Every structure is written in structure tokens, then in C-alpha cells.
There are 2 protein chains.
Amino acid sequence: MDDAPQPPGPGPGSAFLLAQIGAHAAMRFAERIGELDLTPPQTGLLRAVAAAPGRSQQALATVLGTPPSRLVALVDQLDERGLVQRRRNPADRRLHALHVTEAGEKLLQRIAEVGRAHDDAMCAALDDAERATLRALLGRIADEQGLTPGVHPGYRHA
Amino acid sequence: MDDAPQPPGPGPGSAFLLAQIGAHAAMRFAERIGELDLTPPQTGLLRAVAAAPGRSQQALATVLGTPPSRLVALVDQLDERGLVQRRRNPADRRLHALHVTEAGEKLLQRIAEVGRAHDDAMCAALDDAERATLRALLGRIADEQGLTPGVHPGYRHA
DNA sequence: GTCGAATCGTTACAAGACAGAACGATTCTC
DNA sequence: GAGAATCGTTCTGTCTTGTAACGATTCGAC
């Protein structure tokens with residue numbers, strides 16, 4: 001753990017608060033899904049596979065912004081636990097089409113529950129109207145910054 | 001780079017957006033101060049030293065949440081570049097009191113400029129009133145979550 | 001058709017960051 | 001004055017990560 005900058009004049013700026021709270025949110029989320037024996041990268045991959053079944057590993061690597069060699073290990077871990085499957089495509093036997101198993105689907109439901117609880121905990125300081133306002137502002141920022149929906153760049157500790 | 005979760009029902013939840021945007025903000029900031037030949041941990045340390053001159057390395061390690069062994073390398077780097085100084089305390093020669101040099105002060109001013117530009121770029125999607133609203137909401141979240149002002153937990157790539 | 005270039009997944013490798021424990025030097029306590 | 005405690009440093013082992021080669025398979029040109 002380290003620290004970073006603190007911006008302009010009076011108190012921290014929005015960018016620093018975003019980075020600080022974002023790192024905190026990521027850590028807390030990692031703790032929560034750790035109880036399901038999952039790491040954040042594993043969770044992200046599982047969600048990405050479920051979002052569009054049958055994609056190749058290379059396609060996923062491109063979308064997730066990770067080197068293909070890293071994806072191999074990730075898929076291995078999920079495969080060993082029976083959460084995803086590699087199916088050879090008869091038309092093009094080079095690529096492995098990834099699919100989520102039933103066990104994977106079940107786990108995804110639990111992940112969604114964890115996500116809701118985490119979301120609620122992070123916004124504990126805000127009432128319902130304020131949460132809606134925050135979410136709208138963040139959505140506009142994410143859009144303007146060109147962030148891919150559902151993809152989180154740069155997690156630590158696989 | 002990896003990815004992470006995407007929360008509840010309709011679209012991403014606030015917690016995911018916070019983590020996603022926060023990581024993005026941290027990366028962009030790292031790029032900006034990279035042009036000043038600084039890493040985020042170095043920048044954070046420099047700011048921390050300036051915030052309270054004369055503190056010991058151990059005191060800083062506690063505040064920043066980093067192991068003392070890591071701080072040594074960081075202080076070395078800043079010392080070699082003449083940005084901070086280790087001054088032995090005559091009263092207690094065990095500890096090294098850290099101080100920012102004039103060159104360090106000058107660099108801090110440039111860092112502040114970079115921080116303002118970064119802040120502005122991150123909020124480009126919002127008008128002034130919306131930025132104030134966002135900042136207020138984020139400030140309350142950071143406070144409620146017990147985050148230490150000015151300290152950013154967990155940066156990657158020193 | 002066939003030969004070469006390109007693509008996919010995998011493996012191997014090297015580089016770097018990190019935390020934790022062990023180590024001298026110095027100071028505090030009794 | 002002797003032992004425990006503190007500070008900074010060094011050392012070591014582990015882990016993660018990106019890059020580069022490697023077979024297998026398919027596509028394109030001729």
C-alpha cells in the first residue's frame with residue numbers, strides 16, 4: 001500500500017477522492033468475494049464469459065485488456081473448479097469457445113448478491129436521492145472518459 | 001490489467017463505477033506525473049513530508065500504511081534527486097527527520113498544477129455546479145468509510 | 001492444390017515489486 | 001550500568017506480470 005497525491009487548494013480534489021475511494025471500494029469488494037474463494041480477476045472473467053458465451057480467449061483478452069498468457073491461467077483456475085468450460089469449435093479448431101457451467105451460473109447469482117451488499121455499504125453515507133445523483137454523475141464521467149462498461153482496469157493481487 | 005465485477009440489475013452499480021473510475025483516474029494521474037519523472041508513491045511521499053516536516057520515517061510509514069522497508073527505497077530515490085533530506089536528530093540519533101528541499105518545494109508546485117489539470121480533465125463531463133455536488137458526495141463517502149485524508153491505499157507499479 | 005503467412009492457445013522465461021524477518025546502532029527503563 | 005525497546009537498513013523469498021518463443025491449425029495467393 002502506498003499513497004498518492006492530494007490536489008489543489010482547499011482539501012482534496014474530486015480526482016483524488018475518486019482514486020482514493022475507488023481503491024478502497026476495490027479492496028473491500030476483494031474481501032467480500034474472497035469469502036467465495038474468488039479473486040477480482042476471476043470474478044471479472046466469469047462475468048465477461050457469461051455476458052457473451054462462446055467467445056474465444058483472445059477476444060476476451062482484447063476486451064479485458066490483459067495479455068493472453070494471463071488469461072490462460074485465469075481460465076485454468078475457473079475450469080478446474082468447474083465454473084467455465086473450454087469447448088473446441090468444430091469450424092475452427094484453433095480457438096476455445098468459453099461457456100459458463102451451471103455451477104458457474106449459481107456462483108454468479110451469489111456474486112450479484114455480494115455486489116448489491118457492497119454497493120449498499122459503499123453508499124451508506126447517502127440517502128436514496130443522493131445515491132441516484134451520484135450514480136448519474138459517475139455514469140456520465142465513465143462515458144465521457146471512454147471507459148468500457150463492466151471492465152475494470154488494473155487490479156492487484158490476482 | 002484485469003477486470004472486475006459488474007454489480008446489480010440495471011447497469012453497473014455505484015461501487016463498481018467508483019472502482020472503475022478510480023483506477024482510471026489513478027492511471028491517468030500516473031501518466032501525468034510520469035512526465036515529471038515521478039511515480040505515484042514518490043509523489044505521495046513528497047506531499048506527506050511537506051505536510052508535516054521533520055517526521056521520522058517510521059511515523060510516515062505508519063501514516064502511509066506501508067512497510068518501513070519500502071519507505072527506505074522511496075526516500076533513497078527522493079534523496080538522490082535532492083528533493084528531500086534526511087537530517088539526524090541530535091536529541092535522538094536513531095531517527096531521521098525528513099525535510100523537503102527547495103527543489104522539492106518547486107516540484108511540489110508543479111505537481112499541484114498537474115493535479116489541477118488532472119482534476120479538471122476527470123470532471124470534463126460535468127459543469128461547475130455538478131462538480132461541486134460530486135465533490136460533496138465523495139467527501140461524505142470518504143469520511144463515512146474512515147479514509148485518511150490525502151492517503152491513497154494500494155498503488156500499483158511503483 | 002499447395003506453400004507460406006497469419007492466428008490461436010500455450011509454455012517458458014526473465015524482470016520487477018512486495019512483504020516479512022533478521023540485523024547493527026542508538027536510546028530508554030529500571 | 002544492563003537489558004529491553006526503537007529506528008533505519010539490509011537481506012531474502014515469494015509472487016505477479018509482461019514479453020517472447022513454440023506447436024497446432026487455418027487462411028490467402030498463386
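The structure displayed is predicted, hence computed values, not measured ones. All values below were derived from every heavy atom in this structure, side-chain atoms included, with hydrogens, water molecules and symmetry-related copies excluded. Chain letters run A, B, ... following the sequence lines, proteins first and then strands; every chain starts at 1.
Heavy-atom distances to DNA chain D give each of B:L71 and A:D92 a nearest nucleotide, and the one nearer the 5′ end belongs to B:L71. Mapping A:P68 and A:R93 onto DNA chain D by nearest heavy atom places A:P68 closer to the 5' end of the strand.
Linking Ile, Leu, Val, Met, Phe, Trp and Tyr residues whenever their side-chain heavy atoms come within less than 4.5 Å places A:I21 and A:L137 in a single cluster. No continuous path of hydrophobic side-chain contacts links B:L64 to B:L95 [ILVMFWY only; heavy atoms under 4.5 Å].
Between B:L74 atom CG and D:dT10 atom P there is a gap of 14 Å when expressed in whole angstrom units. Atom CZ in A:R88 sits roughly 11 Å away from atom P in D:dA24 (whole-Å rounding). In this structure, NE2 of A:H96 is placed 11 Å from P of D:dT26, rounded to the nearest angstrom. For the pair B:R70 CZ and C:dG16 P, the computed distance is 15 Å after rounding to whole Å. One atom, CD of B:Q58, and another, P of C:dA25, lie 19 Å apart when rounded to the nearest Å. One interatomic measurement links the two molecules: CZ of A:R94 to C1' of D:dT26, which rounds to 4 Å at whole-angstrom precision. In this structure, the CG atom of B:L98 is 13 Å from the P atom of D:dC7, given to the nearest Å. With rounding to whole Å, B:L95 atom CG is found 7 Å from D:dC7 atom P.
For A:R88, the CZ atom sits in a packed shell: over 12 heavy atoms of surrounding residues, nucleotides or ligands are nearer than 6.0 Å. Within a 6.0 Å radius of CG in B:D128, other residues, nucleotides and ligands contribute 12 heavy atoms or fewer.
Closest approach to the B:S69 side chain among D:dC7, C:dA21, C:dT11 is made by C:dA21 (side chain taken as heavy atoms from C-beta onward).
Residue A:R86 has a polar side-chain atom (N or O) positioned under 4.0 Å from OP1 or OP2 of C:dT10.
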